[in-house]
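In what follows, every chain begins at residue 1, and chains take the letters A, B, ... in the order their sequences are listed. Since the model is a prediction, treat every value here as computed from it, not as a measurement.
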4 protein chains.
Amino acid sequence: MTSPRPLRADAARNRARIMTAAHEQITEHGPGVSMEQIAAASGVAVGTLYKHFPNKTDLVAAVVAAAFTAVAEDAEASLQRADQGSPAITEFTGFLTRLMDVAAHNHAVKAAARDLHADHDAHPAMREVEARAAEALTRLVRAAQEQRGLRADFTVDDVYLLFSTFPADQPPAARERWLALVFTGLTAS
Amino acid sequence: MTSPRPLRADAARNRARIMTAAHEQITEHGPGVSMEQIAAASGVAVGTLYKHFPNKTDLVAAVVAAAFTAVAEDAEASLQRADQGSPAITEFTGFLTRLMDVAAHNHAVKAAARDLHADHDAHPAMREVEARAAEALTRLVRAAQEQRGLRADFTVDDVYLLFSTFPADQPPAARERWLALVFTGLTAS
Amino acid sequence: MTSPRPLRADAARNRARIMTAAHEQITEHGPGVSMEQIAAASGVAVGTLYKHFPNKTDLVAAVVAAAFTAVAEDAEASLQRADQGSPAITEFTGFLTRLMDVAAHNHAVKAAARDLHADHDAHPAMREVEARAAEALTRLVRAAQEQRGLRADFTVDDVYLLFSTFPADQPPAARERWLALVFTGLTAS
Amino acid sequence: MTSPRPLRADAARNRARIMTAAHEQITEHGPGVSMEQIAAASGVAVGTLYKHFPNKTDLVAAVVAAAFTAVAEDAEASLQRADQGSPAITEFTGFLTRLMDVAAHNHAVKAAARDLHADHDAHPAMREVEARAAEALTRLVRAAQEQRGLRADFTVDDVYLLFSTFPADQPPAARERWLALVFTGLTAS
DNA sequence: CATGAATGAGCGTTCATTCAT
DNA sequence: AATGAATGAACGCTCATTCAT
């Protein structure tokens with residue numbers, strides 16, 4: 001569905017190398033890295049980048065989407081555990097904490113995501129992964145509210161809001177302090 | 001020490017025009033505006049920009065610092081009102097709210113400040129204005145805590161943390177929601 | 001000699017599809033269309049284009065030559081009608097008018113032909129179709145001259161000259177005006 | 001009027017060198033020459049080209065316009081001679097002949113002009129020089145018609161039409177033949 | 001002091017062509 | 001014979017910065 005044709009083996013390998021290299025380069029040098037540099041780090045020529053991704057924005061979006069896939073999967077696993085009896089609020093705060101960890105370890109990728117802001121839905125892979133996460137989180141949030149652990153007016157959009165404002169580029173102490181401050185306001189009154 | 005020579009009248013006028021124009025241009029077009037464009041908006045030539053500011057970063061830092069001066073003054077005024085009997089917590093949340101308003105109306109400048117991140121202390125004007133604000137805020141925070149309105153572990157650094165993560169570039173509804181979530185966690189337990 | 005091997009059935013089919021697609025793409029997007037796009041429109045891969053035509057120039061030349069085949073056939077039909085009693089001058093001006101029509105409807109192909117200018121004889125197919133047209137036109141011109149309708153010094157080269165300067169890319173009114181101006185000078189004195 | 005400020009001496013010199021080099025390079029390699037190559041031939045860096053001309057199209061248009069200035073002046077001189085008693089038809093055909101000569105010696109520039117086709121009025125310098133030529137030619141055409149030398153329905157637009165279709169890139173013999181054919185149709189009936 | 005012309009490395013992107021599969 | 005991934009030089013253009021005037 002995502003791939004009309006299954007992509008030749010060598011092309012798939014190159015695509016993976018490009019994504020990996022792009023992730024590394026963005027992490028190391030920020031979303032401003034040049035395509036040329038990503039190409040060099042991938043061990044391919046620029047043209048190959050453009051063969052796989054129509055333009056730089058699309059490549060960056062693919063990197064961001066890939067990074068978010070793990071998050072979506074984490075959300076789904078958390079929901080499943082909650083469905084199987086684990087306290088929903090525990091699962092939810094656990095998910096949030098891990099989400100912030102991911103953000104902290106990928107803060108340049110997060111910055112890239114922010115640069116995409118306006119059209120973050122214009123990228124298919126992004127839309128898909130967001131939908132997955134939203135689906136799981138909606139249910140996890142609801143469960144946590146029903147168990148009286150999470151404030152009643154909390155929504156999935158709030159997760160995005162908190163995530164998007166998490167100080168991923170600051171030192172661990174600051175990140176933890178921020179979480180502490182914010183978490184205080186999340187519990188049910 | 002900060003000013004080896006008191007600056008000739010016309011030079012001072014030029015400097016002011018540059019700062020004003022730079023603020024406007026950054027606000028309108030983001031921190032990426034070219035020096036050429038700022039120069040044009042200032043009514044001077046690029047060379048003059050470089051006469052006043054060794055490089056673009058320094059100019060942007062000066063603009064950011066200037067924008068923060070109003071904030072420092074607001075902090076001082078709030079403190080003064082608290083000293084004269086106004087409830088410290090009211091003054092503090094009032095200050096915070098106005099701070100977020102300023103951020104929202106200058107979010108491109110705030111973005112510029114963020115781009116400076118690493119060395120935001122490397123710029124003298126920045127250090128100075130931060131010191132003024134910190135001085136006033138420290139006392140305001142302490143007062144609010146003594147009056148049992150603000151959580152006991154709150155510090156001035158937390159103000160920076162909250163300010164730096166405020167979603168200034170998002171629509172009003174999101175900004176207000178963020179404030180609501182965060183403020184919940186600030187009151188004394 | 002022109003065809004060392006008679007070309008396998010599927011290869012012949014592919015070649016035809018490529019030529020058709022190339023004609024369409026050139027007509028629609030000009031001679032600058034990329035080989036990739038022509039390949040896509042042909043339903044084959046680029047490699048196949050290069051299998052049939054050593055390089056882009058050769059493909060474009062083949063398209064141009066093919067387009068000229070209809071012209072050569074028109075010339076031959078006109079000559080035949082003249083041989084069978086139709087006034088030669090009528091046939092000749094009729095041919096010229098249709099030639100200009102063809103040019104107008106294929107002006108991007110004509111532009112492609114012009115880009116080839118220098119070596120328009122370097123391409124076998126081109127030489128062949130030109131020879132066919134020249135053969136018929138020489139006799140048609142002679143007949144028209146003998147019947148005193150066409151100026152005595154007119155030659156087949158003049159046909160090329162007029163054709164190559166016909167303003168095919170201009171609006172109909174301009175094309176008609178050009179024809180009117182030029183035709184005035186063609187009748188026998 | 002064309003120049004709000006009279007341009008510094010060194011800048012004017014560079015501008016002239018750029019125009020000269022651009023003319024030469026276009027003449028030698030066609031309108032497709034790269035800006036880099038024109039810059040090298042000018043003895044300046046690319047940035048300087050862009051300082052003087054916002055983009056390649058504008059530079060090419062300036063070269064074309066400059067080349068046409070001589071034509072406009074020729075038209076004006078021809079008109080003046082006609083006003084002073086020289087037969088208008090002689091002046092007109094003389095002008096046309098010289099125009100074709102210029103085109104022949106600058107055929108790559110003429111090709112460049114053709115590439116500009118759609119927006120050849122979008123370039124101020126072009127508009128101005130066209131207006132000058134049109135003014136003089138309108139009167140010269142009228143005079144030639146009143147003296148019964150030029151066909152009565154001839155217009156200035158016809159001059160453009162003939163000029164734009166003149167086979168400037170063909171050998172002298174072809175060019176002369178074309179002129180001969182076309183001129184036959186211009187005399188008054 | 002101010003000017004603004006000049007620099008030139010760098011960027012994103014395109015595309016004819018090659019060659020391993 | 002066909003595929004299509006990969007190449008990489010080339011292009012138009014930008015912009016922080018320098019320095020002769």
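The heavy-atom pair separating C:Ala21 from C:Ile38 by the smallest distance is CB-O, 4.1 Å. Closest approach of C:Ser164 to C:Lys110, counting heavy atoms only: O-NZ, 3.5 Å. Between D:Ala168 and D:Ala103, the shortest heavy-atom distance links the atoms CB-O, 3.5 Å. Here the closest non-hydrogen pair linking A:Ser42 and A:Arg17 is O-NH2, 3.2 Å.
Across the protein-nucleic acid pair, D:Arg15 atom CZ and E:dG4 atom C1' stand 15 Å apart, rounded to whole Å. Protein atom CZ of D:Arg13 is 17 Å distant from nucleotide atom P of E:dG4, rounded to whole Å. The distance between atom CG of B:Leu49 and atom P of E:dA5, rounded to the nearest whole Å, is 16 Å. Following rounding to the nearest Å, C:Asp58 (CG) and E:dA16 (P) show an atom-to-atom distance of 14 Å.
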Solution key, residues 55-69 of chain B side-chain donor-acceptor pairs under 3.5 Å, sequence neighbours excluded:
unit_1	atom_1	unit_2	atom_2	d
B:Asn55	OD1	B:Thr57	N	3.3
B:Asn55	OD1	B:Asp58	N	3.1
B:Lys56	NZ	B:Pro31	O	3.3
B:Lys56	NZ	B:Val33	O	2.7
B:Asp58	OD1	B:His123	ND1	3.2
B:Thr69	OG1	B:Ala65	O	3.2
B:Thr69	OG1	B:Ala66	O	3.4

Show me the side-chain donor-acceptor pairs of residues 44-51 of chain C shorter than 3.5 Å, one per line, residues at least two apart or across chains.
none

Report summary line: Per-nt protein contacts along nucleotides 11-21 of chain F (heavy atom under 4.0 Å; B base, S backbone sugar-phosphate only, - none) come out as SSBB-SBB---
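Residues that satisfy the side-chain hydrogen bond (donor to acceptor under 3.5 Å, both in side chains) test with A:Thr27, not counting sequence neighbours, are absent from this structure. Under the rule for a side-chain hydrogen bond (donor to acceptor under 3.5 Å, both in side chains), the partners of A:Asp10 that lie at least two apart in sequence or sit in another chain are A:Arg8.
The side chain of C:His52 contributes an N or O atom lying less than 4.0 Å from OP1 or OP2 of F:dA2.
Between the side chain of D:Lys51 and the base of E:dA5, at least one donor-acceptor pair of N or O atoms lies under 3.5 Å.
Between A:Ile18 and C:Asn14, the residue anchored nearer the 5' end of DNA chain F, judged by the nucleotide with its closest heavy atom, is C:Asn14. Between A:Thr48 and C:Gly43, it is C:Gly43 whose nearest contact on DNA chain F lies nearer the 5' terminus.
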Requested in this report: Using Watson-Crick or G-U wobble pairs with both distances under 3.5 Å, give me DNA chain F in dot-bracket, 5' to 3', with [ ] for crossers and | for pairs to another strand.
Outcome: .||||||||||||||||||||
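Atom NE2 of D:His29 is surrounded by more than 12 heavy atoms from other residues, nucleotides or ligands within 6.0 Å.
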